[in-house]
*Asks:* 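Structure provided below as structure tokens; questions to follow.
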Amino acid sequence: MKMELLKGDLTKIDCDAIVNAANESLLGGGGVDGAIHRAAGPQLLEACKKLNGCPTGDAKITPGFNLPARFVIHTVGPVWKGGINNEEDLLRSCYQRSLELANENNFYSIAFPNISAGVYHFPKEKAAQIAIETVQAFGWKHELPKKVMFVCFDQENYDLYKTKLNLIR
Ligand code: APR
């Protein structure tokens, strides 16, 4: 598995699936969730309504509709409450379940935002560590997905991921 780092807008990435940092209702929101729904168009919300929500730490899949990405994997990250509510395991589970869905669907490429690192206030450095560790460990045991992109919208996250990825290369 190859891990790539990009700075930019996840809604512009042409790959098998982009991962949405959603909330448990799956009915849209702000941040990357809002950007994905705007770019995908109203059919995405219609498809999400049929999924009956998603528990924190789990992931569900829909088509990508007007997005360049063929599918959207909606995962729900934990809200950071000081680290005493199993937040780290729940964030790890978001990456793990998203990768499992990509593998089950035989996807070659998948792109992640920095799940929970925005509105949900998960400490960015810890979130980046969990993301990279979970993806790397999954790649040791699975052929697919072959390409995992981390798409950072802001410079702070980009610099964090760059430092961490350079350490393991
Ligand atoms: N492309 C890539 N990354 C983006 C984009 C974008 N277009 N827009 C925002 N981001 C980044 C943010 O900079 C942040 O680093 O996505 C990361 C996750 O931030 P949020 O979108 O706020 O997601 P999260 O912290 O997981 O909070 C989820 O926010 O939008 C609501 O409905 C959503 O309730 C849910 C909550």
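Both counts, for ligands and for their atoms, begin at 1 and track the order of listing.
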*Asks:* From Asn20 CG over to Thr62 OG1, what is the distance, rounded to the nearest 0.5 angstrom?
*Replies:* 8.5 Å
*Asks:* Give the atoms of ligand 1, by number and element, whose distance to some non-hydrogen atom of Asn157 is under 4.0 Å.
*Replies:* 15 (O)
*Asks:* Tell me, which protein residue and heavy-atom name are nearest atom 35 (C) of ligand 1, and how many Å apart are they?
*Replies:* Tyr120 OH, 3.4 Å
*Asks:* Check Ile36 against ligand 1 and report side chain, backbone, both or neither, counting heavy atoms closer than 4.0 Å.
*Replies:* neither
*Asks:* Heavy-atom contacts with Gly29 under 4.0 Å: which atoms of ligand 1 show up? List them by number with element.
*Replies:* 30 (O), 32 (O)
*Asks:* Heavy-atom distance to atom 8 (N) of ligand 1: which of Asp33, Ile13, Val32 wins?
*Replies:* Val32
*Asks:* Counting both backbone and side chain atoms, is some N or O of Leu10 under 3.5 Å from an N or O of ligand 1?
*Replies:* yes
*Asks:* Spell out, yes or no, whether Ile132 and Phe138 are grouped together once hydrophobic residues are joined by side-chain heavy atoms under 4.5 Å, including indirect joins.
*Replies:* yes
*Asks:* Below the 3.5 angstrom mark, is there an N/O of Gly118, backbone or side chain, next to an N/O of ligand 1?
*Replies:* yes
*Asks:* Identify the closest protein heavy atom to atom 11 (C) of ligand 1: which residue and atom is it, and at what distance?
*Replies:* Phe153 CB, 4.0 Å
*Asks:* Between Ser116 and ligand 1, does any nitrogen or oxygen pair lie at a separation below 3.5 Å?
*Replies:* yes
*Asks:* Could you check whether any side-chain N or O of Asn103 sits under 3.5 Å from a backbone N or O of Leu144, counting only pairs where one atom can act as donor and the other as acceptor?
*Replies:* yes
*Asks:* Work out whether the distance between some heavy atom of Gly34 and some atom of ligand 1 is less than 4.0 Å.
*Replies:* no
*Asks:* Applying ring-ring contact (aromatic ring centres under 6.0 Å, His included) between Phe71 and each of Phe107, Phe65, Tyr108, report the one that passes.
*Replies:* Phe107
*Asks:* Check whether any N or O atom of Ala22, backbone or side chain, sits under 3.5 Å from an N or O atom of ligand 1, and answer yes or no.
*Replies:* no
*Asks:* What protein heavy atom is closest to atom 23 (O) of ligand 1, reported as residue, atom name and distance in Å?
*Replies:* Ala21 CB, 3.7 Å
*Asks:* List the closest protein heavy-atom neighbour of atom 29 (O) of ligand 1: residue, atom name, distance to the nearest 0.1 Å.
*Replies:* Val119 CB, 3.7 Å
*Asks:* Any donor-acceptor pair under 3.5 Å linking the side chain of Ser109 with the backbone of Lys147?
*Replies:* no
*Asks:* I want to check something: taking the side chain as every heavy atom from C-beta on, are Thr75 and Cys54 in contact at a cut-off of under 4.5 Å?
*Replies:* no
*Asks:* Using a 4.0 Å cutoff against the non-hydrogen atoms of Gly8, which atoms of ligand 1 qualify?
*Replies:* 1 (N), 2 (C)
*Asks:* For ligand 1, does Asn114 get within less than 4.0 Å through its side chain, its backbone, both, or neither, judged by non-hydrogen atoms?
*Replies:* both
*Asks:* Among protein heavy atoms, which lies nearest atom 31 (C) of ligand 1, and at what distance?
*Replies:* Gly30 N, 3.6 Å
*Asks:* Rounded to the nearest 0.5 Å, what's the gap from CG on Asn52 to OG on Ser25? Could you check?
*Replies:* 11.5 Å
*Asks:* Would you say Met3 and Val135 make side-chain contact, with heavy atoms under 4.5 Å?
*Replies:* yes
*Asks:* Closer than 4.0 angstrom: is that true for some heavy atom of Cys152 and an atom of ligand 1?
*Replies:* no
*Asks:* Suppose we measure from atom 7 (N) of ligand 1 to each protein heavy atom; which comes out shortest, and what is that distance?
*Replies:* Asp9 OD1, 2.9 Å
*Asks:* Establish whether Leu91 and Phe150 are linked, either directly or via other cluster members, by ILVMFWY side-chain heavy-atom contacts under 4.5 Å.
*Replies:* yes
*Asks:* Is it true that Arg92 and Asp89 make a salt bridge, defined as a side-chain N closer than 4.0 Å to a carboxylate O?
*Replies:* yes
*Asks:* Which of these, Asp154, Leu27, Val76, has its nearest heavy atom closest to atom 13 (O) of ligand 1?
*Replies:* Asp154
*Asks:* Is Ile115 reachable from Tyr161 through a run of I, L, V, M, F, W or Y residues, each pair having side-chain heavy atoms under 4.5 Å apart?
*Replies:* yes
*Asks:* Could you tell me whether a side-chain N or O of Glu125 sits under 3.5 Å from a main-chain N or O of Leu160, the two making a donor and an acceptor?
*Replies:* no
